[in-house]
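Down below is the structure, laid out as structure tokens.
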Number of protein chains: 2
Amino acid sequence: MGGAITRDQIIEQADRLFYERGFEHASFTDIAAAVGISRGNFYYHFKTKDEILDAVIDRRRVKVQAMLDGWEAEGRTPVERVRRFVHILIANQTAILRHGCPIGTLSTELIKLNHTAQDRAAGLFTLFRDWLARQFHAMGWGADADALAMWVLAHSQGVATLANAFRDDAFLQREVADLCAWLERLSVTSPSTTPATVGAAADVRREFEVFRQPVTRA
Amino acid sequence: MGGAITRDQIIEQADRLFYERGFEHASFTDIAAAVGISRGNFYYHFKTKDEILDAVIDRRRVKVQAMLDGWEAEGRTPVERVRRFVHILIANQTAILRHGCPIGTLSTELIKLNHTAQDRAAGLFTLFRDWLARQFHAMGWGADADALAMWVLAHSQGVATLANAFRDDAFLQREVADLCAWLERLSVTSPSTTPATVGAAADVRREFEVFRQPVTRA
DNA sequence: ATGAGATTAGGACAATCGTCCGAGAGGCGT
DNA sequence: ACGCCTCTCGGACGATTGTCCTAATCTCAT
């Protein structure tokens, strides 16, 4: 009966250690010590380390989906919801400065290892991508919703990576503020500029206007 | 006399393998096989694996600096130079889709390993950051030059990461085109909008206008 | 209390890691 | 031909890795 609890704890600690130290560098010994069990006990719950990784990715999927659903419920407007997304950079500021983006770093590592789970890790990105695309679609950006989603996702990812590399919290906060300002401006110009049906014509040029403003560091 | 040649080959292959498989995952056996020497021969040229890493980072510093100097010499305008920077994403498209950004992935990994060389890896980012800041400074963005440099750097980094995760070459090309369009627009609005001496006042709002256009996939 | 099944501890296993040693091949001035 | 220095090879070393087995412990219905 306590087996399921132990299993959950293994997944939880593995999730944390995979994030902090990386999948390959986090050993069974580390996880066992964190959970408080013996190394040999793993085999009862998981046959291989890859199975733990699968469970960790599943866990992250659930948590991400719950987070997205929460934003969907709370946020009254699409802009407000996307702003919630951007603000995870600030909400998880400490962790991101220390260990980077949990999804990006895992995805990058698994690709280097040529691991079979690399697609499943990239699937975590897809959750955000599709959710963001839905928000932009609701804002009136028909065929460009996915492109906008990828743009925001990519920029957030890069901000996390550089904030991590430079341990620069001021940079992270400034970029979030700029991103939110860009979002504000986008929500104003979007419905008037382009109907939702555009996007097929390749020669159509559209303009996104972007506010950038220096953040007052409080 | 052939010793220096072997040493260079070790650094070259280590550089490649650290990029393709990651620092920790690339073993002495792998590098030895790639160079065509025995594993025991390493100790003559490098005392530890970390020494090889140092040499690899030094090598990358030199190559990056040479690349930046080349752009500085060829590019006639600052905008043209920054465009050269953005276009490395396309020039190295195949490698980036497979293995991500060489600097970003190394920096991320070394942070996870809590490796002593993590700052030296981040120093590679600084080369680009300072170079970009000088270009933006020359364009007239006085105190905001560094912020703009970080913005471009972060976005490129995020694009590389996502293009790698999704193996999406179309996305990479589209983002590069958008980035270049944004740059074009920036070079037009910059000198007129803000004098180079601004930046101290926190309540000054400035606008960056950004062209976004769907890329015609050739 | 007892047996059955679930859960755990501890250690053995082969493989691989970075490291390091000792023998010897190679070139070159003498 | 000799000896010296540079360079390389092959293997051994201890440590650590993921994996796996077996015995012991725990839980609980009967």
Side-chain angles (χ1 to χ4, degrees), chain A residues 1-58 106 109-110 112-118 120-121, chain B residues 1-58 106 109-110 112-118 120-121:
Chain A
M1 189 57 71
I5 298 177
T6 304
R7 191 189 141 95
D8 287 345
Q9 283 183 339
I10 291 177
I11 298 174
E12 181 183 345
Q13 295 301 321
D15 190 347
R16 182 177 61 86
L17 288 169
F18 287 174
Y19 176 38
E20 294 179 358
R21 312 187 187 179
F23 168 68
E24 197 179 22
H25 192 61
S27 69
F28 274 67
T29 307
D30 296 331
I31 305 173
V35 177
I37 60 173
S38 71
R39 235 177 50 251
N41 195 3
F42 279 101
Y43 189 70
Y44 177 76
H45 299 281
F46 303 96
K47 283 200 259 296
T48 67
K49 195 182 184 184
D50 292 346
E51 268 192 18
I52 301 184
L53 176 61
D54 285 340
V56 166
I57 294 179
D58 282 340
L106 179 65
E109 182 182 3
L110 295 184
K112 298 257 183 217
L113 302 181
N114 199 22
H115 198 283
T116 54
Q118 58 185 271
R120 289 170 46 76
Chain B
M1 191 57 71
I5 298 175
T6 304
R7 192 189 140 94
D8 287 345
Q9 284 182 339
I10 291 176
I11 297 173
E12 181 184 344
Q13 296 300 321
D15 191 347
R16 183 177 62 84
L17 288 168
F18 287 174
Y19 176 38
E20 294 178 0
R21 311 186 189 181
F23 168 69
E24 197 180 22
H25 192 59
S27 70
F28 273 66
T29 308
D30 296 331
I31 304 173
V35 178
I37 61 174
S38 71
R39 236 178 47 252
N41 196 4
F42 278 101
Y43 189 69
Y44 178 77
H45 299 280
F46 303 95
K47 281 199 260 296
T48 67
K49 194 182 184 183
D50 291 347
E51 270 192 16
I52 302 183
L53 176 61
D54 284 339
V56 166
I57 293 179
D58 282 340
L106 178 65
E109 182 182 4
L110 294 184
K112 297 256 183 217
L113 301 181
N114 199 22
H115 198 283
T116 54
Q118 58 184 269
R120 290 171 45 76

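Note that the coordinates shown come from a computational prediction; the quantities given were computed from them, not determined experimentally. Quick note on labels: first sequence line is chain A, next is B, and so on, each numbered from 1.
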Measure the shortest side-chain to side-chain distance between I52(A) and F18(A) over non-hydrogen atoms and say whether it is less than 4.5 angstrom.
yes

Taking DNA chain D as the partner, which of residues 41-51 of chain A come within under 4.0 angstrom of it by heavy atom?
Y43(A), K47(A), T48(A), K49(A)

Expected output is a numbered-order residue list: members of residues 19-39 of chain B with a heavy atom under 4.0 Å from any atom of DNA chain D. What is it?
I37(B), S38(B), R39(B)

Using atom types as modelled and distance alone, determine if a side-chain donor or acceptor of Q118(A) lies under 3.5 Å from a backbone N or O of H115(A).
yes

H25(A)-D30(A) side chain donor-acceptor pair, cut-off 3.5 Å
no

Search all heavy atoms of A34(B) against all heavy atoms of Q13(B) and return the closest pair with its distance.
CB-OE1, 3.5 Å

What's the separation between atom CZ in F42(A) and atom CD in E51(A), rounded to the nearest 0.5 Å?
13.0 Å

Output the distance between atom CG (N41(B)) and atom CZ (R7(B)), rounded to the nearest 0.5 Å.
12.5 Å

Can you check the I10(B) CD1 to dC7(D) P distance for me, whole Å?
12 Å

Rounded to the nearest 0.5 Å, how far does CG of L53(B) lie from CG of D15(B)?
10.0 Å

Could you tell me whether the side chain of E109(B) and the main chain of L106(B) form a donor-acceptor pair under 3.5 Å?
no

